[in-house]
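If you're wondering where the values come from, they're calculated on a predicted model, not measured in any experiment. FYI, side chains are in, hydrogens and waters are out, and symmetry mates aren't considered; it's all heavy atoms of this structure. Residue numbers run from 1 in the order of the sequence given.
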Amino acid sequence: MRFLTMQRPTLAALAGMSRATPAVTAATSGLLPLWANVAVQGQRYASVKAQGAYKKKSKRGIPKKLGAKRTGDQFVIPGNIIYKQRGTLWWPGENCLMGRDHTIHSKATGYVKYYRDPARHPDRKYIGVVFDKEDTLPYPPHAERKRRLNMTEIPIRTVPERPTAESPSGIPYQVTRVQEGEPDRVLRLQGDYSYREDNWKIGRLVDTTNLKTKRFRTRKQYFRQRRWRREREITGQRASEKKRAEAGEAQGGARKGGSKNGSKKVTAKKSKK
């Protein structure tokens, strides 16, 4: 087999040697078997590229982490991932959206529902979010649309009304202050067991008692206002003086012009006489 796989030039050389029958001397008789072995083996070339040492790859690849991240009736907030997939195994339904990698996210705060909607598509499966855990999807046709408008329902706490009588320790909740020349004031019991008026009533004392409040909160504001007022007065005085000076010059010029005209008239009368 090795002889058959040799290259054609080598085969041609061997064929020529077999045809020729020269006289073989004693000196060349010993070299002939060596040349024959070389011709039979042929020239070998590298058929496989040499490679360096390599590490065998692990059988465990990087996980894709696909599948459901939230189950049915589980609470979610806007932006939560509900289902991660490759392709559209599930479609976004009520209050959900699909990303560019087919991941389904929640758009509202509520509870997850997995359902089918034959009215929209006979074969597709949908994922939706409802505000009330007891609701079921899909909603009936022509039903009232439920929206939260980015607001969360918070129950309003009802503050129990205090009785106007005494506290359990025997201290009255409120007392009335009576003073001559002033209206009656209701003082309520505070946390430190002192009686005091309500804040909104204290703020209205200025209107009810005719008190005069300060116009400026600090001395700095007062001096700034006084300096500005004084500069304004000086500017007004200078402007008025300038106007009076201009008016005086105008009147003086008019008087001089009138005196010249009068002298001309007198000279004209004398010349007539």
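Between Ile202 and Trp200 the shortest side-chain heavy-atom distance does not fall below 4.5 Å. Between Val129 and Tyr111, the closest side-chain pair of non-hydrogen atoms is not below 4.5 Å. Here the side chains of Pro78 and Lys107 are not in contact, with every heavy-atom distance at 4.5 Å or above. Residues Lys64 and Gln85 are not in side-chain contact: their nearest non-hydrogen atoms beyond the backbone lie 4.5 Å or more apart.
Within the model, atoms CZ of Phe223 and CZ of Arg226 stand 5.0 Å from one another, a figure rounded to the nearest 0.5 Å. Rounded to the nearest 0.5 Å, atoms CD (Glu231) and OG1 (Thr235) are 7.0 Å apart. Once rounded to the nearest 0.5 Å, the distance linking CZ of Arg185 with CD of Glu197 reads 5.0 Å. If you take NE2 on His105 and CD1 on Ile127, they are separated by 11.0 Å, rounding to the nearest 0.5 Å. One finds the NZ atom of Lys84 at 7.0 Å from the CG atom of Leu66 (value rounded to the nearest 0.5 Å). Atoms CH2 and OH, on Trp91 and Tyr83 in that order, are 14.5 Å from each other to the nearest 0.5 Å.
Under a hydrophobic-cluster definition in which Ile, Leu, Val, Met, Phe, Trp and Tyr are linked whenever side-chain heavy atoms come within less than 4.5 Å, directly or via other members, Val186 and Val175 are assigned to different clusters. Side-chain heavy atoms closer than 4.5 Å link hydrophobic residues (I, L, V, M, F, W, Y) into clusters, and following such links, even through other members, never connects Trp228 to Phe216. Hydrophobic clustering places Ile104 together with Leu89 (ILVMFWY residues linked when any side-chain heavy atoms are closer than 4.5 Å, directly or through intermediates). The cluster map of Ile, Leu, Val, Met, Phe, Trp and Tyr, joined by side-chain heavy atoms under 4.5 Å apart, puts Leu97 and Trp90 in different clusters. Placement of Ile171 and Leu187 within a single hydrophobic cluster is found when ILVMFWY residues are connected by side-chain heavy-atom separations under 4.5 Å, directly or transitively.
Salt bridge status for Asp184 with Arg177: absent, with no side-chain N to carboxylate O gap under 4.0 Å. Lys243 has no carboxylate O lying under 4.0 Å from a charged side-chain N of Glu246, or vice versa, which leaves the two without a salt bridge.
Annotation for Cys96 and Ile82: closest pair SG-CD1, 3.8 Å, computed over non-hydrogen atoms. Phe75 approaches Thr109 most closely through the heavy-atom pair CZ-CG2, 3.3 Å. Arg217 approaches Gln221 most closely through the heavy-atom pair N-OE1, 3.3 Å.
In this model, no donor atom of one side chain and acceptor atom of the other lie less than 3.5 Å apart for Gln190 and Arg196. Ser240 and Gln237 are not linked by any side-chain donor-acceptor pair at a separation below 3.5 angstrom, with hydrogens and angles left out of the test.
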* To do: Evaluate the side chain to side chain contact (heavy atoms under 4.5 Å, CB included) criterion for residues Gln174 and Leu189: first the C-alpha distance (whole Å), next the side-chain angles of each, then the deciding distance (0.1 Å), finally the verdict.
  => CA-CA 6 Å; Gln174 63 183 24; Leu189 184 66; over 6 Å; no
* To do: Kindly indicate, with the supporting measurements, whether the criterion side chain to side chain contact (heavy atoms under 4.5 Å, CB included) is fulfilled by Asp198 and Arg188.
  => CA-CA 7 Å; Asp198 295 333; Arg188 299 185 184 276; 3.2 Å; yes
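For residues 114-135, the side-chain hydrogen bond (donor to acceptor under 3.5 Å, both in side chains) pairs, not counting sequence neighbours, are Asp135-Lys146. Applying the side-chain hydrogen bond (donor to acceptor under 3.5 Å, both in side chains) test to pairs two or more places apart or on separate chains, those with a residue in residues 92-102 are Asp101-Thr103.
Within the hydrophobic cluster formed by Ile, Leu, Val, Met, Phe, Trp and Tyr side chains joined at under 4.5 Å, directly or through other members, Val178 stands alone, with no partner residue.
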